[in-house]
Structures are given as C-alpha cells and as structure tokens.
Amino acid sequence: MRLTVADTGVGIPPEELSKIFERFHRVHGTKSRTHEGTGIGLALVQELARLHGGKVWVSSEVGKGSTFEVEFPLGVAHLPPEKIRAATFPKLGSEAFVEEAQRLVGEEIAEPALPSAETCAYSYPSGARILLVDDNRDMRDYVKRLLGRFWQVECAADGVEAWALVQKDPPDLVLTDMMLPNLDGFKLLSKLRRDPDTRSIPVIVLSARADEDARIEGLKAGADDYLTKPFSARMLLARVHATLQIAQLREESERSLRESEDRLNLALNVAGMGTWDWDVSTGRTIWSDRHFRIFGYEPTEDGAVPLAWWLHSIHPEDWERVQRGLDEAKRSRTVYAPQYRIRRNGTNEIAWVATQGRFIYDDAGNAVRMVGVLWDVTEAKQSREKLDECARLLDLSSDAILMGDGEGRVLYWNEGAEKLYGWTDEEARGRLVPELLSTKGLPSRETLAASGRWEGEVVHTTRSGEKVTVMSRWVLLKDVSGRPYRSLEINSNITERKHAEEALKEHAEELARFAYVASHDLKEPARMVACYGQLLERRYRDKLDNKGVAYLDFIVDAAQRMHALINDVLAYSRVTSSSDKYVPVDVNELLHEVLANLKVARDECGGTVRWSNLPMVMAERSQLLQVFQNLISNALKYRKPDVPPEITIEADGGLSPVFTVRDNGIGIDPQYHERIFGLFQRLHARDEYSGTGIGLSICKRIVERHGGQLWLDSKLGHGTSFHFTLRPS
Ligand code: ADP
C-alpha cells in the first residue's frame, strides 16, 4: 500500500532532504504552526514504516511544496507473529481524521451538519457550563466553537488554571486533556474527586492514547468518559451531551432520594419510630436519635452504639425469646418482629418496645447486615392489659354482653353470651348478630339508631334452637358525623322469671275466678242467715231468755259481717276481672256520687268533705269511684272521738296529677304504712272499728291497674293523707 501526502507548503531545501528523516533534525527557517517541532515526527514516520516492513520517500521544491510517500505491504505474513494481536483501536470513520487534518492545516472546518432532532436534544440541559482544559490553543478554539453552540464553555490551558476556575465557580462538566503542563489531567481529576464540593462534577478525558490500558487508567482515576483523539465533532457532542444528561439525571435521582429520605425520616419521627442498622460481621450498630431516646440514652455523634447498650437493656425474661427470634429470622429469611421489655437506661422504668427488621445476605448467602425500625408500645400494652382486665370482669357476669361495630358485626362476646347462646367468642367474632340469633321484639336498626339507646324484652332463638327471653339494654355509640360505630348490648336471661310470672298470673286469675264464684255463691246463704236471724229476733224475742237473745244478736251480727266480707272479696276479685274501658272521668262529679253513697255515715258523725276544681282523668269510672269511696269512708271511720272528721280532696296541677285525700283522724304509726295495704290487714279490734281489712287492698289494686301508685303520709294522732296517681295508657 502506498500513501502519498502532498502539500503546497514552504517546501524543503534540497540540502535538507537527505537529513529530513533523522531524529531531532529540524529544518531551519520554517515556521511551525501548531507544534514547535521536536524533530522527531518524520524520524518516527520512518521508524514506524520500517517496523511495518515499509519505506518512506520525500521529494520537495522550496516555495512549491513537498510530497511524502510511505509504502508498506498489506496483511500480516511479513510481521513477527509475537507482535500480532487483535486490534483494539476504535473503529473511526474517516470523518475524524479529515477534521483533525483540517484543523492541523488551519482550515475552516465546516460545522458538523446535525440532524435537527439532535440539535434540539443537545440544547438540554440548557445553560450547562463546561470547563475545557487543553494546552493546545487550536484544540481549545475548535472545541469551544463546537460546544459553544449549545452550552457555555470556559477554557483553561493547564491543570492549575483549571483548578482555580473550578474552585471559583464549579462547572457542570470538565472536559480535559491528560497531558497538561503544571498539573496533569490525572492530578486534576484526583483533586476534583477528593474535594466534596467538586466530587460529583462529571469529567470527560480527551487523550491521544487509544489503548485499552489508557482508557482503564482514566476511568479508574474517576473519569466519567474517555474520548480518544482524534474524535469527530458529532462524537464529541454526543458524548458531552450524554454525560451532562447522565449527571443531570444522577442529580435529580439523588435529590429525589434525599427528599424521599427526608420524608421517610419525617414519617418515622411522627410515628415515633427509631431505626437501627447492625453490621453483623463487625458488630457495629447505628441507631437513630429516636432509638437512643426510647432506650433512655443521649444520641452519640455518629449514631454508633456499643452492642452492650442494647443487650443490657433487654429484660432478662425476654432475652431468650429475642435471641430465638433473631436466629429464626436469619434462618428462614423472614421478618424479625418481636415485642420485648427493656429497662430504660438509668431508671427502673420498664418499657415495652416493638421492632421489625430484616437480615441482608451477601451472594454467598451469609447474613451480613440487619436493618429495622423500633417503637415504644408501652402505652398500647398497658391499655391492652386494662382491656383484658375489663374483659375478664365482663366474663364474670352471667349476663350476655356483646359489642358490635357500626354494621352490627360482633367485636366482643363474653362468656355469659357463650353460655346463653351456645356460640363461642371465636365463632361469633366478625359475624352479624342476626346470623347467630334470630331475635323477636327488637325495634328496627333505624329506630335504634335514631334514639341511640333502648331497653326492653326480646326473645332470642339460640344455636340449639332454644327460645330464651332476655331483658335487653342497648346503647349505640356514634362518631362526630353521627354515624353509629359501636353497639353495646347487655342481655339478662329472664326466661325462668317469665315462666314463673306467667304461672303466677295464671294462679292469680284462677284464684280470682274462684273467689268470685265462691263469694257469689256464699252471698245467698249468708243473706238467708242474716234475714232469718232478724226475723227470728223480731217474732220470737219474747219467747227467748236473755242468753238466747244475745246468741241471736251474735248470729245476726256475724251474718252481716259475713255479708260485708263477701261483698268486699267480690269487689276485690272484680278489680282484675273487670273489663271496663278507660273513659274521661270528671272527678268533681264522681265525688258527689261518692258523698251520696256515704250520706248515712257522714250524717252519723257530722263529717265534712271538701274539694274544688279537680281535673278530668282517664279511668275505669266504677273503680275510681271505689277508690275515693274507700278512702273517704276510712277517713270518716277512723276519726278521733269527739272530733268531727274534716276531709279535703286535692290534686296537684301536673299532667298526671297526684290526688290527696287528707283527714284529721287518729293517724297511723309509720311502722304500719306498708302492712295496711295487705289483704285482711287491720290495726284495730272489731269492737273498736268495724271493717274487713280489704278496703285499702282494693284501692291499691285499682290504682296499680291504672298504672299509678298509692302511698300515705301519717303519724299516729295527727291525721292521715293518702296520695295516689293514675297513668292509664
Ligand atoms: P278496714 O276494713 O279495716 O277499714 P282497710 O283496708 O280499709 O280495712 O284499712 C286497713 C287498716 O288501715 C284499717 O284497719 C285501719 O287501721 C287503717 N286505716 C285505714 N284508713 C285509715 C285512716 N284514714 N286513718 C287511720 N287509720 C286508717
């Protein structure tokens, strides 16, 4: 192959031609444009040509130009085999060489024609500043012109100048030659990498050395990219652009990493969480500030903590569990998440902590590091304990106690509920109550939600199909927006009581029926005894001696009492069997009727009865009449000797008024206030005051049937006030 390089330059004088290929020979009187000649170049060309089995010639004419010719054989056959190895030179297009050559001869290089997409892309990152370091002025001018189309370019001619510029205002990228006067590229690079302010500035190395070792050396020294001279303009632009872009991305990702780290720290702080990082091989452990404080220590400067601080803090009883958890997590590669007690440094205070951590393994599968978070759960533990205590207390109750969420799903179900309904707490939890029990008598959820609480009887069908009657008390808790979020329910089993009540009611009704029938049937014979007794007394009195007359009086008196008794028992039994309806009753008018009925008794003792403006009430008229009649006739009867009875009837102005019947009679000792309402209970002998001891029992029964109450105020010798209310539904 023959390579001919002809120029139109200054030419070489004929006397120099023969020496032109000698080492250090320089032709005098000619000007070198870029390199101050060393006299080595052509000697090198000749040497290289020889090494490749070739030759060199020159012909020249002063003032016209020179022609150099190199010739060498192609292929490798003529070369020593030990010198041959695979090519490591980058494949460069002719473009780079042409540009380099153009530059060397000082020819204006056409701006590289870039596809428009590329042109646009290079303007990013906009405003980036590049520091170009090269001792070759031509090179500097050329590169500056090239890069200056897109970015700001500053130039330095050596390493010292470059370092001064970097310190003044760090650029976004440094583009440096390796061979530099004063401070070479390697030293500049290592200075940049050592200083924390400049460590991250990307550096592209430009070098004439194209071999692999040089490239590795440059990258090892911390260069981000390595560009071999000669390079094409497009290649340089592309590399600079790519490096700037990578730096930009790196900065962005570092920033977002920093931000997410800040956010994580904030979240951990807010959550009261500490972090720990344990180097398994060296034992070096780092805690966050919060971790130190949870353990009762002041944070150390760098967060490093002697392992003993941790070990000594762990409660001895929990130590084995913690150790086992670590072993297990390491073996199974799972999360280590125990809760254990610690004694806070310098105090006797025991705290509970929860932690979660994970081992990190190397490629060989050895656990090398472990990281995790830790937080204080003392309060949660204490309230959990309190809750457990409450739950145990609730379990002591034989009532069924249930707690549900807003939808009625069971959250808590005590032992009482387990016993009553047959479902265990575990089975009931999370299920809706209607899935477990069918319920009769409970108002709708909407009604319950509106009132927030309810109390009443409910019939549940239990797991075994048994029906139980419970007295249910029910409270609904609502959140600030008024939505129910908890329901609390206590159900007392009243099934047996209900059965007993029903049986009692049945008995009572039977008894009342019997009393009615019996007294009704007894009335007639009693009346006959009284009638015929009186007849006998009238007709045959003079035929009897004194004793006979007295006996006859006894018979008549007994028959009359018997008659009265039967009447009272009948009245008493009628109270339950009556089927009268509640009607509006004018009490004033009712009292006129009572007074008419009691005219004889009033006239006998000169008693007065007073009232004014009594209200209308809803009542069974005949029964209310009986209440007033019994109370007023007692007031007339139990009068003080020689003091005419004065009776007042009043009602307070309430919606369901309290009626009072007050007298000025003998009064009742408080110890008998309860007793006098019992059947056949009397405080006096028959010869003192007549009576059957049924009157007040009848009154009480009537009042209670009207939903009211009957009671009294009285002291012996100071008159009596009977009060009663009526609340007919
Ligand atoms: P009795 O037929 O004996 O009057 P009651 O049931 O009406 O039966 O009354 C029970 C007892 O209460 C009476 O025997 C009497 O001792 C006492 N008692 C009732 N009303 C009065 C009153 N207004 N003053 C004093 N004692 C009274």
_Within the 6.0 Å centroid threshold, strictly below: Phe724 and His706_ =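 No: the rings miss the under 6.0 Å criterion.
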*Within the 6.0 Å centroid threshold, strictly below: Phe628 and Phe722*: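 No; Phe722 has its ring centre 6.0 Å or more from that of Phe628.
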With heavy-atom distances below 4.5 Å as the criterion, would you say the side chains of [X] and [Y] are in contact?
X: Ser472; Y: Trp454; answer: yes
X: Val475; Y: Leu477; answer: yes
X: His673; Y: Ser714; answer: yes
X: Met528; Y: Lys523; answer: no

*With the threshold set at 4.0 Å, does a side-chain nitrogen-carboxylate oxygen contact exist between Glu650 and Arg662?*
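Salt bridge: yes.
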*asked:* Check this for me, if you would: do Arg705 and Glu620 make a salt bridge, where the nitrogen-to-carboxylate-oxygen distance has to be below 4.0 angstrom?
replied: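 The answer is yes: the pair qualifies as a salt bridge.
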Cation over ring, [X] on [Y], under 6.0 Å and within 45°?
X: Arg431; Y: Trp423; result: yes
X: Arg321; Y: Tyr340; result: no
X: Lys637; Y: Tyr689; result: no

*Does atom CD of Glu674 have more than 12 heavy-atom neighbours from other groups under 6.0 Å away?*
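Atom CD in Glu674 is not packed in, count stays at 12 or less.
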*Phe514, CZ: over 12 other non-hydrogen atoms inside 6.0 angstrom*: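 At most 12 heavy atoms, drawn from other residues, nucleotides or ligands, come within 6.0 Å of this atom.
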*asked:* Students often mix this up, so state it plainly: with edges at 30° and 60°, are the rings of His723 and Trp711 parallel, tilted or perpendicular?
replied: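 Ring orientation, 0 to 90° scale: tilted.
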*Can Asn491 and Tyr421 be counted as having a side-chain donor-acceptor contact under 3.5 angstrom?*
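Distance-only check passes for Asn491 and Tyr421.
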*Do Thr692 and Arg561 have a side chain donor and acceptor closer than 3.5 Å?*
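Arg561 and Thr692 do not have a side-chain donor-acceptor pair below 3.5 Å.
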